[in-house]
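Written out below as C-alpha coordinates is the structure these notes cover.
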Amino acid sequence: LRLKADSFDDYQNFMDLVHLSLNVRNASLNTTEWSYFSDDFKGFDEQFFLDGSFQGALSNLKSKKFEIYFNKELYLSGAMRIRGLPDIENTYMYFHIDEMNATAAEIRKLKLPNASLHQIMPEYLDNLGKMAFEGNFSGYYNDNVAFGKLYTDLGDIEADLYLKQDSSSSLSYQGSLASKGFKLGELLLVDDLGVISFDWLIDGKGLNKNTAEAKTKGSVNHIVYKGYDYENIKINGNIAKGLFQGDLFVEDEDLSFDFRGLIDFSEKTPRSEYFIDLKKAKLSKLNLFNQKDSITQLSLKAQIRMLGFDLDEFLGEIKFNDIKYKDAVHQEQIDSISISSQKENDLRRLTIDSDLLDAQIEGQFQLKEFNEAVSAVLRRHTEKERVNKSFNQNFMLDVNFKDINKVNEILRLDISMDSSVALQGKFDSEGEIQLSLEGKYIEYMGIRLEEFIWVASNTLEDSLKVLIESTQLSYNNAL
(Lines give C-alpha, C1' and ligand atoms only; values in the text may rest on other atoms or scores of the structure.)
Protein backbone atom coordinates (compact mmCIF):
# COMPACT_ATOMS: atom_id res chain seq x y z
CA LEU A 1 0.00 0.00 0.00
CA ARG A 2 1.34 3.40 -0.99
CA LEU A 3 -0.27 6.73 -0.10
CA LYS A 4 0.47 9.98 -1.92
CA ALA A 5 -0.74 13.50 -1.08
CA ASP A 6 0.32 16.98 -2.11
CA SER A 7 0.39 18.18 1.50
CA PHE A 8 -0.23 16.91 5.01
CA ASP A 9 -3.47 18.91 5.06
CA ASP A 10 -4.82 16.64 2.30
CA TYR A 11 -5.16 13.86 4.88
CA GLN A 12 -7.96 15.90 6.45
CA ASN A 13 -9.92 15.02 3.29
CA PHE A 14 -8.60 11.49 2.93
CA MET A 15 -11.44 10.16 0.71
CA ASP A 16 -10.93 12.76 -2.05
CA LEU A 17 -7.34 14.04 -1.88
CA VAL A 18 -5.11 11.11 -0.87
CA HIS A 19 -4.04 8.92 -3.77
CA LEU A 20 -3.72 5.18 -3.08
CA SER A 21 -1.66 2.61 -4.87
CA LEU A 22 -2.81 -0.73 -3.52
CA ASN A 23 -1.77 -4.26 -4.44
CA VAL A 24 -3.99 -6.95 -2.90
CA ARG A 25 -3.27 -10.67 -2.85
CA ASN A 26 -5.85 -13.15 -1.56
CA ALA A 27 -7.41 -10.66 0.85
CA SER A 28 -10.35 -12.03 2.84
CA LEU A 29 -13.26 -9.56 3.09
CA ASN A 30 -16.86 -9.70 4.31
CA THR A 31 -19.82 -7.83 2.86
CA THR A 32 -21.21 -7.05 6.34
CA GLU A 33 -18.72 -4.16 6.41
CA TRP A 34 -20.61 -2.51 3.53
CA SER A 35 -23.55 -1.81 5.84
CA TYR A 36 -21.48 1.04 7.33
CA PHE A 37 -21.92 2.85 4.01
CA SER A 38 -25.65 2.11 3.51
CA ASP A 39 -28.47 0.44 5.44
CA ASP A 40 -29.47 -1.28 2.17
CA PHE A 41 -26.58 -3.70 2.70
CA LYS A 42 -27.72 -4.83 6.14
CA GLY A 43 -28.20 -8.58 6.02
CA PHE A 44 -25.71 -9.02 3.16
CA ASP A 45 -23.37 -11.50 4.79
CA GLU A 46 -20.88 -13.09 2.42
CA GLN A 47 -17.15 -13.70 2.66
CA PHE A 48 -15.09 -13.29 -0.51
CA PHE A 49 -11.46 -13.10 -1.57
CA LEU A 50 -9.90 -10.26 -3.56
CA ASP A 51 -6.83 -9.99 -5.79
CA GLY A 52 -5.86 -6.94 -7.81
CA SER A 53 -4.16 -3.57 -8.18
CA PHE A 54 -6.09 -0.40 -7.33
CA GLN A 55 -5.16 3.25 -7.86
CA GLY A 56 -6.72 6.60 -7.08
CA ALA A 57 -8.53 8.29 -4.22
CA LEU A 58 -11.14 6.21 -2.39
CA SER A 59 -13.82 8.44 -3.88
CA ASN A 60 -12.49 7.79 -7.40
CA LEU A 61 -10.92 4.35 -7.40
CA LYS A 62 -9.99 2.31 -10.43
CA SER A 63 -8.39 -1.01 -11.28
CA LYS A 64 -7.10 -2.34 -14.57
CA LYS A 65 -7.21 -5.90 -13.27
CA PHE A 66 -9.01 -7.44 -10.31
CA GLU A 67 -10.32 -10.88 -9.32
CA ILE A 68 -13.06 -11.77 -6.83
CA TYR A 69 -13.76 -15.29 -5.56
CA PHE A 70 -16.85 -16.14 -3.53
CA ASN A 71 -16.21 -19.87 -3.87
CA LYS A 72 -14.92 -22.34 -6.47
CA GLU A 73 -18.06 -21.93 -8.63
CA LEU A 74 -18.53 -18.15 -8.28
CA TYR A 75 -15.69 -16.07 -9.72
CA LEU A 76 -15.31 -12.61 -11.27
CA SER A 77 -12.41 -10.86 -13.01
CA GLY A 78 -12.03 -7.67 -15.02
CA ALA A 79 -11.41 -3.94 -14.73
CA MET A 80 -13.41 -1.33 -12.85
CA ARG A 81 -13.88 2.27 -11.83
CA ILE A 82 -15.88 3.41 -8.79
CA ARG A 83 -16.62 7.09 -8.25
CA GLY A 84 -18.58 8.60 -5.34
CA LEU A 85 -17.66 6.66 -2.18
CA PRO A 86 -18.51 6.73 0.68
CA ASP A 87 -21.98 7.95 -0.48
CA ILE A 88 -23.07 4.54 -1.76
CA GLU A 89 -26.46 5.86 -2.91
CA ASN A 90 -24.71 8.15 -5.41
CA THR A 91 -21.67 6.06 -6.21
CA TYR A 92 -21.26 5.37 -9.93
CA MET A 93 -19.67 2.05 -10.85
CA TYR A 94 -18.29 0.74 -14.11
CA PHE A 95 -17.16 -2.85 -14.46
CA HIS A 96 -15.70 -4.41 -17.56
CA ILE A 97 -16.08 -8.15 -17.02
CA ASP A 98 -13.46 -10.28 -18.72
CA GLU A 99 -14.74 -13.42 -17.07
CA MET A 100 -17.53 -14.27 -14.64
CA ASN A 101 -18.23 -17.90 -13.80
CA ALA A 102 -21.20 -19.11 -11.78
CA THR A 103 -23.95 -21.69 -11.39
CA ALA A 104 -27.55 -20.99 -10.46
CA ALA A 105 -27.18 -23.10 -7.32
CA GLU A 106 -24.17 -21.09 -6.09
CA ILE A 107 -25.81 -17.73 -6.84
CA ARG A 108 -28.87 -18.90 -4.92
CA LYS A 109 -26.70 -19.43 -1.84
CA LEU A 110 -25.75 -15.76 -1.63
CA LYS A 111 -27.31 -13.99 1.35
CA LEU A 112 -28.55 -10.81 -0.29
CA PRO A 113 -30.35 -8.15 1.76
CA ASN A 114 -34.14 -7.95 1.34
CA ALA A 115 -34.19 -10.36 -1.59
CA SER A 116 -35.04 -14.00 -2.20
CA LEU A 117 -32.71 -15.52 -4.76
CA HIS A 118 -34.98 -18.57 -4.89
CA GLN A 119 -37.45 -16.32 -6.73
CA ILE A 120 -34.83 -14.69 -8.93
CA MET A 121 -33.08 -18.01 -9.66
CA PRO A 122 -35.77 -20.76 -9.71
CA GLU A 123 -34.72 -24.41 -9.54
CA TYR A 124 -35.06 -25.16 -13.28
CA LEU A 125 -32.22 -22.71 -13.99
CA ASP A 126 -29.88 -25.31 -12.48
CA ASN A 127 -30.18 -27.03 -15.88
CA LEU A 128 -28.11 -24.20 -17.38
CA GLY A 129 -25.06 -25.81 -15.82
CA LYS A 130 -21.93 -23.68 -15.65
CA MET A 131 -22.47 -20.07 -16.71
CA ALA A 132 -19.90 -17.53 -17.87
CA PHE A 133 -20.40 -13.85 -18.70
CA GLU A 134 -18.39 -11.30 -20.68
CA GLY A 135 -19.46 -7.69 -20.88
CA ASN A 136 -20.01 -4.44 -18.99
CA PHE A 137 -21.98 -3.25 -15.99
CA SER A 138 -22.35 0.48 -15.50
CA GLY A 139 -24.47 2.61 -13.20
CA TYR A 140 -25.41 2.60 -9.52
CA TYR A 141 -25.73 -0.43 -7.25
CA ASN A 142 -29.53 -0.44 -7.67
CA ASP A 143 -29.80 1.23 -11.09
CA ASN A 144 -27.51 -0.02 -13.85
CA VAL A 145 -27.07 -1.22 -17.41
CA ALA A 146 -25.75 -4.68 -18.28
CA PHE A 147 -24.41 -5.45 -21.73
CA GLY A 148 -22.67 -8.61 -22.77
CA LYS A 149 -22.93 -12.29 -23.56
CA LEU A 150 -23.92 -15.14 -21.27
CA TYR A 151 -22.42 -18.55 -22.00
CA THR A 152 -24.13 -21.66 -20.60
CA ASP A 153 -24.00 -25.41 -21.11
CA LEU A 154 -27.26 -25.08 -23.11
CA GLY A 155 -26.22 -22.21 -25.40
CA ASP A 156 -25.32 -18.53 -25.45
CA ILE A 157 -27.55 -15.49 -24.83
CA GLU A 158 -26.69 -11.89 -25.71
CA ALA A 159 -28.17 -9.27 -23.38
CA ASP A 160 -28.49 -5.49 -23.37
CA LEU A 161 -30.51 -4.70 -20.24
CA TYR A 162 -31.25 -1.74 -18.03
CA LEU A 163 -31.75 -3.00 -14.45
CA LYS A 164 -33.10 -1.16 -11.44
CA GLN A 165 -34.02 -2.33 -7.94
CA ASP A 166 -36.44 -0.19 -5.92
CA SER A 167 -36.82 0.13 -2.16
CA SER A 168 -39.08 -2.94 -2.03
CA SER A 169 -36.35 -5.04 -3.73
CA SER A 170 -38.48 -5.40 -6.85
CA LEU A 171 -36.33 -5.65 -9.98
CA SER A 172 -37.17 -3.59 -13.07
CA TYR A 173 -35.67 -4.48 -16.43
CA GLN A 174 -35.72 -3.12 -19.97
CA GLY A 175 -33.79 -4.11 -23.04
CA SER A 176 -33.16 -6.97 -25.41
CA LEU A 177 -32.28 -10.65 -25.29
CA ALA A 178 -31.09 -12.73 -28.24
CA SER A 179 -29.67 -16.15 -28.98
CA LYS A 180 -28.61 -17.92 -32.14
CA GLY A 181 -29.01 -21.36 -30.60
CA PHE A 182 -30.27 -22.26 -27.13
CA LYS A 183 -31.35 -25.75 -25.96
CA LEU A 184 -34.75 -24.79 -24.57
CA GLY A 185 -35.97 -28.37 -24.24
CA GLU A 186 -33.09 -29.31 -21.95
CA LEU A 187 -33.77 -26.25 -19.79
CA LEU A 188 -37.48 -27.12 -19.39
CA LEU A 189 -36.94 -30.92 -19.49
CA VAL A 190 -39.20 -31.40 -22.53
CA ASP A 191 -37.82 -34.21 -24.71
CA ASP A 192 -39.50 -33.23 -28.00
CA LEU A 193 -38.43 -29.58 -27.71
CA GLY A 194 -35.06 -28.72 -29.24
CA VAL A 195 -32.95 -25.67 -30.03
CA ILE A 196 -34.40 -22.14 -30.24
CA SER A 197 -32.98 -18.94 -31.72
CA PHE A 198 -34.72 -15.68 -30.88
CA ASP A 199 -34.64 -11.88 -30.66
CA TRP A 200 -36.79 -10.35 -27.91
CA LEU A 201 -37.44 -6.90 -26.49
CA ILE A 202 -38.61 -6.85 -22.88
CA ASP A 203 -39.82 -4.14 -20.51
CA GLY A 204 -41.01 -5.16 -17.08
CA LYS A 205 -40.84 -5.30 -13.33
CA GLY A 206 -40.66 -8.32 -11.02
CA LEU A 207 -39.96 -12.00 -11.69
CA ASN A 208 -42.71 -13.73 -9.71
CA LYS A 209 -45.62 -14.81 -11.94
CA ASN A 210 -48.18 -13.37 -9.49
CA THR A 211 -46.60 -9.91 -9.16
CA ALA A 212 -44.61 -9.39 -12.36
CA GLU A 213 -45.60 -6.69 -14.85
CA ALA A 214 -43.91 -6.98 -18.21
CA LYS A 215 -44.26 -6.51 -21.95
CA THR A 216 -42.37 -8.56 -24.50
CA LYS A 217 -42.17 -8.42 -28.26
CA GLY A 218 -39.97 -10.33 -30.61
CA SER A 219 -39.43 -13.17 -32.99
CA VAL A 220 -38.43 -16.79 -32.81
CA ASN A 221 -36.26 -17.29 -35.88
CA HIS A 222 -36.03 -21.04 -35.38
CA ILE A 223 -37.34 -23.58 -32.91
CA VAL A 224 -37.18 -27.37 -33.19
CA TYR A 225 -40.09 -29.55 -32.06
CA LYS A 226 -40.30 -33.28 -32.80
CA GLY A 227 -37.40 -32.92 -35.20
CA TYR A 228 -39.02 -30.15 -37.29
CA ASP A 229 -37.41 -26.71 -37.50
CA TYR A 230 -40.14 -24.04 -37.30
CA GLU A 231 -39.35 -20.59 -38.69
CA ASN A 232 -40.79 -17.05 -38.69
CA ILE A 233 -42.68 -16.93 -35.39
CA LYS A 234 -43.77 -13.55 -34.03
CA ILE A 235 -44.65 -13.12 -30.34
CA ASN A 236 -46.27 -10.27 -28.41
CA GLY A 237 -47.11 -10.62 -24.74
CA ASN A 238 -48.13 -8.72 -21.62
CA ILE A 239 -48.26 -9.90 -18.02
CA ALA A 240 -49.64 -7.89 -15.10
CA LYS A 241 -50.64 -9.06 -11.61
CA GLY A 242 -50.93 -12.69 -12.59
CA LEU A 243 -52.73 -12.05 -15.89
CA PHE A 244 -50.96 -12.96 -19.14
CA GLN A 245 -52.20 -11.91 -22.57
CA GLY A 246 -50.31 -12.79 -25.70
CA ASP A 247 -50.37 -13.26 -29.46
CA LEU A 248 -48.38 -15.73 -31.51
CA PHE A 249 -48.19 -15.73 -35.29
CA VAL A 250 -46.47 -18.45 -37.34
CA GLU A 251 -45.88 -18.19 -41.07
CA ASP A 252 -43.80 -21.26 -41.83
CA GLU A 253 -43.59 -23.21 -45.09
CA ASP A 254 -45.56 -26.07 -43.53
CA LEU A 255 -47.50 -24.23 -40.81
CA SER A 256 -49.65 -21.09 -40.88
CA PHE A 257 -51.08 -20.33 -37.47
CA ASP A 258 -52.55 -17.41 -35.48
CA PHE A 259 -52.98 -17.67 -31.72
CA ARG A 260 -54.38 -15.25 -29.15
CA GLY A 261 -54.48 -16.24 -25.52
CA LEU A 262 -55.15 -15.15 -21.97
CA ILE A 263 -54.04 -16.92 -18.79
CA ASP A 264 -55.06 -15.75 -15.31
CA PHE A 265 -52.63 -17.04 -12.65
CA SER A 266 -54.11 -14.89 -9.87
CA GLU A 267 -56.30 -17.71 -8.52
CA LYS A 268 -55.26 -21.12 -7.21
CA THR A 269 -56.59 -22.77 -10.38
CA PRO A 270 -55.44 -20.89 -13.51
CA ARG A 271 -58.14 -19.67 -15.91
CA SER A 272 -57.36 -19.43 -19.61
CA GLU A 273 -58.95 -18.49 -22.92
CA TYR A 274 -57.47 -19.23 -26.34
CA PHE A 275 -58.49 -18.36 -29.89
CA ILE A 276 -56.77 -20.35 -32.62
CA ASP A 277 -56.84 -20.04 -36.40
CA LEU A 278 -54.89 -22.93 -37.87
CA LYS A 279 -54.81 -22.03 -41.53
CA LYS A 280 -52.46 -24.81 -42.58
CA ALA A 281 -50.61 -27.64 -40.85
CA LYS A 282 -48.82 -30.23 -42.97
CA LEU A 283 -48.91 -32.86 -40.25
CA SER A 284 -46.63 -35.37 -41.94
CA LYS A 285 -43.85 -32.87 -42.62
CA LEU A 286 -44.19 -31.54 -39.06
CA ASN A 287 -43.67 -35.12 -37.78
CA LEU A 288 -46.97 -34.98 -35.91
CA PHE A 289 -49.18 -37.53 -37.73
CA ASN A 290 -49.29 -39.96 -40.68
CA GLN A 291 -45.65 -39.38 -41.53
CA LYS A 292 -45.69 -41.80 -44.49
CA ASP A 293 -48.14 -39.56 -46.38
CA SER A 294 -46.45 -36.29 -47.35
CA ILE A 295 -49.67 -34.45 -48.27
CA THR A 296 -51.43 -35.00 -44.92
CA GLN A 297 -52.82 -31.58 -43.95
CA LEU A 298 -55.17 -30.10 -41.34
CA SER A 299 -56.88 -26.73 -40.87
CA LEU A 300 -59.35 -25.59 -38.20
CA LYS A 301 -60.50 -22.84 -35.90
CA ALA A 302 -60.83 -23.24 -32.15
CA GLN A 303 -62.04 -21.43 -29.05
CA ILE A 304 -60.96 -22.74 -25.65
CA ARG A 305 -62.17 -21.59 -22.24
CA MET A 306 -60.95 -23.64 -19.31
CA LEU A 307 -59.92 -23.80 -15.67
CA GLY A 308 -56.69 -25.68 -14.98
CA PHE A 309 -54.13 -27.14 -17.36
CA ASP A 310 -54.18 -30.83 -16.44
CA LEU A 311 -56.14 -32.99 -18.89
CA ASP A 312 -57.82 -34.83 -16.02
CA GLU A 313 -58.62 -31.73 -13.98
CA PHE A 314 -59.67 -29.05 -16.46
CA LEU A 315 -63.19 -27.63 -16.46
CA GLY A 316 -64.62 -25.65 -19.34
CA GLU A 317 -65.33 -25.92 -23.04
CA ILE A 318 -63.37 -26.49 -26.24
CA LYS A 319 -64.97 -25.71 -29.60
CA PHE A 320 -63.52 -26.67 -32.98
CA ASN A 321 -65.03 -25.29 -36.18
CA ASP A 322 -64.47 -25.62 -39.91
CA ILE A 323 -62.22 -28.67 -39.56
CA LYS A 324 -60.66 -29.82 -42.83
CA TYR A 325 -58.40 -32.83 -43.20
CA LYS A 326 -56.88 -34.45 -46.25
CA ASP A 327 -54.28 -37.04 -47.16
CA ALA A 328 -53.52 -39.16 -50.21
CA VAL A 329 -56.67 -41.27 -49.70
CA HIS A 330 -59.13 -39.23 -47.65
CA GLN A 331 -60.56 -35.75 -47.62
CA GLU A 332 -62.83 -34.92 -44.69
CA GLN A 333 -64.65 -31.86 -43.43
CA ILE A 334 -66.36 -31.47 -40.05
CA ASP A 335 -68.37 -28.36 -39.27
CA SER A 336 -68.02 -28.43 -35.49
CA ILE A 337 -66.91 -30.39 -32.44
CA SER A 338 -67.67 -29.19 -28.92
CA ILE A 339 -66.10 -30.75 -25.81
CA SER A 340 -67.19 -29.65 -22.34
CA SER A 341 -66.03 -30.81 -18.93
CA GLN A 342 -67.95 -30.30 -15.68
CA LYS A 343 -67.50 -31.54 -12.14
CA GLU A 344 -69.88 -31.89 -9.21
CA ASN A 345 -68.46 -33.27 -5.97
CA ASP A 346 -66.37 -36.30 -7.06
CA LEU A 347 -68.23 -36.92 -10.35
CA ARG A 348 -67.01 -35.60 -13.66
CA ARG A 349 -69.02 -35.24 -16.84
CA LEU A 350 -67.33 -35.06 -20.23
CA THR A 351 -69.67 -34.22 -23.10
CA ILE A 352 -68.93 -34.26 -26.83
CA ASP A 353 -71.26 -32.76 -29.46
CA SER A 354 -70.34 -32.95 -33.13
CA ASP A 355 -71.51 -33.66 -36.67
CA LEU A 356 -70.30 -37.24 -36.27
CA LEU A 357 -71.54 -38.26 -32.84
CA ASP A 358 -72.76 -37.16 -29.44
CA ALA A 359 -71.14 -38.72 -26.39
CA GLN A 360 -71.15 -38.44 -22.63
CA ILE A 361 -68.89 -39.95 -20.00
CA GLU A 362 -69.95 -39.53 -16.40
CA GLY A 363 -68.35 -40.78 -13.20
CA GLN A 364 -64.78 -41.05 -11.93
CA PHE A 365 -62.13 -41.36 -14.63
CA GLN A 366 -58.58 -40.39 -15.49
CA LEU A 367 -58.01 -39.95 -19.22
CA LYS A 368 -54.23 -40.25 -18.92
CA GLU A 369 -54.59 -43.72 -17.35
CA PHE A 370 -57.51 -44.92 -19.46
CA ASN A 371 -55.56 -47.04 -21.98
CA GLU A 372 -53.49 -48.62 -19.20
CA ALA A 373 -56.64 -49.40 -17.17
CA VAL A 374 -58.43 -51.02 -20.13
CA SER A 375 -55.35 -53.07 -20.96
CA ALA A 376 -55.10 -54.27 -17.34
CA VAL A 377 -58.79 -55.29 -17.30
CA LEU A 378 -58.48 -57.20 -20.58
CA ARG A 379 -55.42 -59.11 -19.32
CA ARG A 380 -57.28 -59.97 -16.13
CA HIS A 381 -60.24 -61.41 -18.04
CA THR A 382 -58.46 -63.06 -20.97
CA GLU A 383 -55.07 -64.08 -19.61
CA LYS A 384 -56.00 -64.34 -15.92
CA GLU A 385 -53.18 -61.90 -15.18
CA ARG A 386 -53.69 -59.32 -12.47
CA VAL A 387 -51.81 -56.03 -12.59
CA ASN A 388 -50.47 -54.88 -9.23
CA LYS A 389 -51.96 -51.41 -9.59
CA SER A 390 -55.38 -49.92 -8.91
CA PHE A 391 -57.05 -47.47 -11.29
CA ASN A 392 -59.64 -44.86 -10.42
CA GLN A 393 -61.90 -45.64 -13.40
CA ASN A 394 -65.63 -45.99 -12.66
CA PHE A 395 -67.92 -44.35 -15.19
CA MET A 396 -70.95 -44.63 -17.49
CA LEU A 397 -70.60 -44.21 -21.26
CA ASP A 398 -73.28 -43.16 -23.75
CA VAL A 399 -72.52 -42.61 -27.46
CA ASN A 400 -74.99 -41.89 -30.26
CA PHE A 401 -73.54 -41.91 -33.76
CA LYS A 402 -74.80 -39.49 -36.42
CA ASP A 403 -72.55 -40.24 -39.40
CA ILE A 404 -70.94 -43.61 -38.80
CA ASN A 405 -69.50 -43.84 -42.32
CA LYS A 406 -67.42 -40.71 -41.78
CA VAL A 407 -66.28 -42.08 -38.41
CA ASN A 408 -65.17 -45.28 -40.16
CA GLU A 409 -63.24 -43.28 -42.75
CA ILE A 410 -61.49 -41.13 -40.15
CA LEU A 411 -60.60 -44.07 -37.86
CA ARG A 412 -59.76 -46.34 -40.82
CA LEU A 413 -62.31 -48.99 -39.68
CA ASP A 414 -63.43 -51.66 -42.13
CA ILE A 415 -66.88 -51.85 -40.54
CA SER A 416 -70.21 -50.80 -42.03
CA MET A 417 -73.10 -49.77 -39.74
CA ASP A 418 -76.22 -47.64 -39.95
CA SER A 419 -75.94 -44.09 -38.64
CA SER A 420 -78.36 -44.65 -35.74
CA VAL A 421 -76.01 -47.01 -33.88
CA ALA A 422 -75.89 -46.44 -30.12
CA LEU A 423 -73.06 -47.47 -27.79
CA GLN A 424 -73.62 -47.67 -24.03
CA GLY A 425 -71.48 -49.00 -21.26
CA LYS A 426 -70.36 -49.16 -17.67
CA PHE A 427 -66.73 -49.53 -16.75
CA ASP A 428 -65.35 -50.17 -13.29
CA SER A 429 -61.66 -51.08 -13.38
CA GLU A 430 -62.10 -52.95 -10.09
CA GLY A 431 -65.58 -54.38 -10.66
CA GLU A 432 -68.45 -54.49 -13.14
CA ILE A 433 -67.87 -54.04 -16.86
CA GLN A 434 -70.64 -53.93 -19.44
CA LEU A 435 -70.69 -52.69 -23.02
CA SER A 436 -73.59 -52.80 -25.49
CA LEU A 437 -73.88 -51.84 -29.16
CA GLU A 438 -77.28 -51.67 -30.83
CA GLY A 439 -78.39 -50.73 -34.35
CA LYS A 440 -80.27 -51.68 -37.49
CA TYR A 441 -77.33 -53.48 -39.10
CA ILE A 442 -73.59 -54.09 -38.86
CA GLU A 443 -71.30 -55.69 -41.43
CA TYR A 444 -67.70 -56.82 -41.04
CA MET A 445 -65.66 -59.07 -43.36
CA GLY A 446 -68.80 -60.19 -45.20
CA ILE A 447 -70.77 -61.05 -42.05
CA ARG A 448 -73.95 -58.95 -41.73
CA LEU A 449 -76.32 -58.77 -38.76
CA GLU A 450 -79.77 -57.16 -39.00
CA GLU A 451 -81.51 -55.49 -36.02
CA PHE A 452 -78.64 -56.49 -33.76
CA ILE A 453 -77.71 -56.15 -30.11
CA TRP A 454 -74.14 -56.92 -28.99
CA VAL A 455 -73.47 -57.11 -25.24
CA ALA A 456 -70.17 -57.84 -23.49
CA SER A 457 -69.88 -58.13 -19.71
CA ASN A 458 -67.66 -59.70 -17.07
CA THR A 459 -68.47 -62.51 -14.68
CA LEU A 460 -67.60 -63.35 -11.09
CA GLU A 461 -64.90 -65.67 -12.39
CA ASP A 462 -63.08 -62.79 -14.12
CA SER A 463 -64.17 -64.02 -17.54
CA LEU A 464 -65.75 -62.08 -20.39
CA LYS A 465 -69.20 -63.03 -21.60
CA VAL A 466 -70.42 -61.90 -25.03
CA LEU A 467 -74.05 -62.06 -26.15
CA ILE A 468 -75.20 -61.30 -29.72
CA GLU A 469 -78.82 -61.08 -30.80
CA SER A 470 -79.97 -60.45 -34.37
CA THR A 471 -83.11 -60.92 -36.46
CA GLN A 472 -81.03 -62.09 -39.42
CA LEU A 473 -77.46 -63.21 -40.11
CA SER A 474 -76.01 -63.39 -43.61
CA TYR A 475 -72.57 -64.08 -44.99
CA ASN A 476 -71.24 -62.85 -48.29
CA ASN A 477 -67.78 -64.12 -49.21
CA ALA A 478 -66.66 -61.72 -51.90
CA LEU A 479 -63.67 -63.96 -52.64
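Since this is a predicted model, take the numbers as computed values, not measurements.
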Intermediate values then yes/no, side-chain contact (heavy atoms from CB on, under 4.5 Å), Ile276 and Phe320: CA-CA 9 Å; Ile276 299 169; Phe320 299 98; over 6 Å; no

Nearest 0.5 Å, what's the [atom1]-[atom2] distance between [X] and [Y]?
{"X": "Arg348", "Y": "Asp346", "atom1": "CZ", "atom2": "CG", "answer": "12.0 Å"}
{"X": "Ile352", "Y": "Ser338", "atom1": "CD1", "atom2": "OG", "answer": "9.5 Å"}
{"X": "Leu74", "Y": "Met131", "atom1": "CG", "atom2": "CE", "answer": "9.0 Å"}
{"X": "Asn101", "Y": "Glu106", "atom1": "CG", "atom2": "CD", "answer": "12.0 Å"}
{"X": "Asp335", "Y": "Lys324", "atom1": "CG", "atom2": "NZ", "answer": "10.0 Å"}
{"X": "Ser28", "Y": "Leu50", "atom1": "OG", "atom2": "CG", "answer": "10.0 Å"}

Tell me whether [X] contacts the main-chain N or O of [Y] through its side chain, where contact means a donor paired with an acceptor under 3.5 Å.
{"X": "Asp51", "Y": "Asn26", "result": "yes"}
{"X": "Thr216", "Y": "Trp200", "result": "no"}
{"X": "Asp87", "Y": "Gly84", "result": "no"}
{"X": "Ser354", "Y": "Leu356", "result": "yes"}
{"X": "Asn345", "Y": "Leu347", "result": "no"}
{"X": "Thr296", "Y": "Ser284", "result": "no"}

salt_bridge(Glu362, Arg349) N-O dist < 4.0 Å: yes

SB check Glu273 Arg271 (cutoff 4.0 Å): yes

Among Lys279, Lys282, Glu251, side-chain hydrogen bond (donor to acceptor under 3.5 Å, both in side chains) partner for Ser256: Glu251

Any side-chain heavy atom of [X] sitting closer than 4.5 Å to one from [Y]?
{"X": "Tyr11", "Y": "Val18", "value": "yes"}
{"X": "Ile334", "Y": "Tyr325", "value": "no"}
{"X": "Leu125", "Y": "Ile107", "value": "no"}
{"X": "Phe49", "Y": "Ile68", "value": "no"}
{"X": "Asp160", "Y": "Val145", "value": "yes"}
{"X": "Leu177", "Y": "Phe198", "value": "yes"}
{"X": "Phe275", "Y": "Arg305", "value": "yes"}
{"X": "Leu17", "Y": "Asp6", "value": "no"}

Which atom pair, heavy atoms only, marks the closest approach of [X] to [Y]?
{"X": "Glu231", "Y": "Asp252", "answer": "N-OD1, 2.9 Å"}
{"X": "Val195", "Y": "Gly181", "answer": "CG1-CA, 3.7 Å"}
{"X": "Asp98", "Y": "Gly78", "answer": "OD2-CA, 3.5 Å"}
{"X": "Asp327", "Y": "Val329", "answer": "OD1-N, 2.8 Å"}
{"X": "Gly227", "Y": "Asn287", "answer": "C-ND2, 3.8 Å"}
{"X": "Ser172", "Y": "Lys205", "answer": "OG-CG, 3.6 Å"}

Worked check of salt bridge (Lys or Arg N to Asp or Glu O under 4.0 Å) between Arg260 and Asp247: CA-CA 4 Å; Arg260 301 181 187 277; Asp247 303 330; 3.3 Å; yes

Side chain to side chain contact (heavy atoms under 4.5 Å, CB included) partner of Leu128, chosen from Asp153, Ile157, Thr152: Thr152

Member of Ile223, Asp156, Leu187 meeting the side chain to side chain contact (heavy atoms under 4.5 Å, CB included) criterion with Phe182: Leu187

Residue pair Leu298, Ile323: steps toward the side-chain contact (heavy atoms from CB on, under 4.5 Å) verdict: CA-CA 7 Å; Leu298 175 69; Ile323 306 167; 4.0 Å; yes

Just checking [X]: does its [atom1] atom have more than 12 heavy atoms from other residues, nucleotides or ligands closer to it than 6.0 angstrom?
{"X": "Glu253", "atom1": "CD", "value": "no"}
{"X": "Glu99", "atom1": "CD", "value": "yes"}
{"X": "Tyr92", "atom1": "OH", "value": "yes"}
{"X": "Arg2", "atom1": "CZ", "value": "no"}
{"X": "Lys280", "atom1": "NZ", "value": "yes"}

Whether Tyr69 and Tyr75 hold their rings parallel, tilted or perpendicular, with breakpoints at 30° and 60°: tilted

Ring geometry between Phe395 and Phe365 (parallel below 30°, tilted from 30 to 60°, perpendicular above 60°): perpendicular

Pair up each side-chain donor or acceptor in residues 53-65 with any protein partner under 3.5 Å, not counting sequence neighbours, and list the distances.
unit_1, atom_1, unit_2, atom_2, d
Ser53, OG, Asn23, OD1, 2.8
Ser59, OG, Met15, O, 3.0
Ser59, OG, Asp16, OD1, 2.7
Asn60, OD1, Arg81, NE, 3.1
Asn60, OD1, Arg81, NH2, 3.3
Ser63, OG, Ser53, O, 2.7
Ser63, OG, Lys65, N, 3.2
Ser63, OG, Lys65, O, 3.0

Ring pair (Phe, Tyr, Trp, His ring centres under 6.0 Å) contacts touching residues 230-259 (sequence neighbours left out): Tyr228-Tyr230, Phe259-Tyr274

side-chain contact (heavy atoms from CB on, under 4.5 Å) evaluation trace for Asn290 with Leu283: CA-CA 7 Å; Asn290 200 17; Leu283 302 179; over 6 Å; no

Tyr124 side chain to Asp126 side chain, donor-acceptor N/O pair below 3.5 angstrom: no

Of all pairs that satisfy salt bridge (Lys or Arg N to Asp or Glu O under 4.0 Å), the ones with a partner from residues 217-226, not counting sequence neighbours: Asp192-Lys226

Criterion side-chain contact (heavy atoms from CB on, under 4.5 Å) on Phe95 and Phe66, from CA distance to verdict: CA-CA 10 Å; Phe95 291 91; Phe66 74 92; 3.7 Å; yes

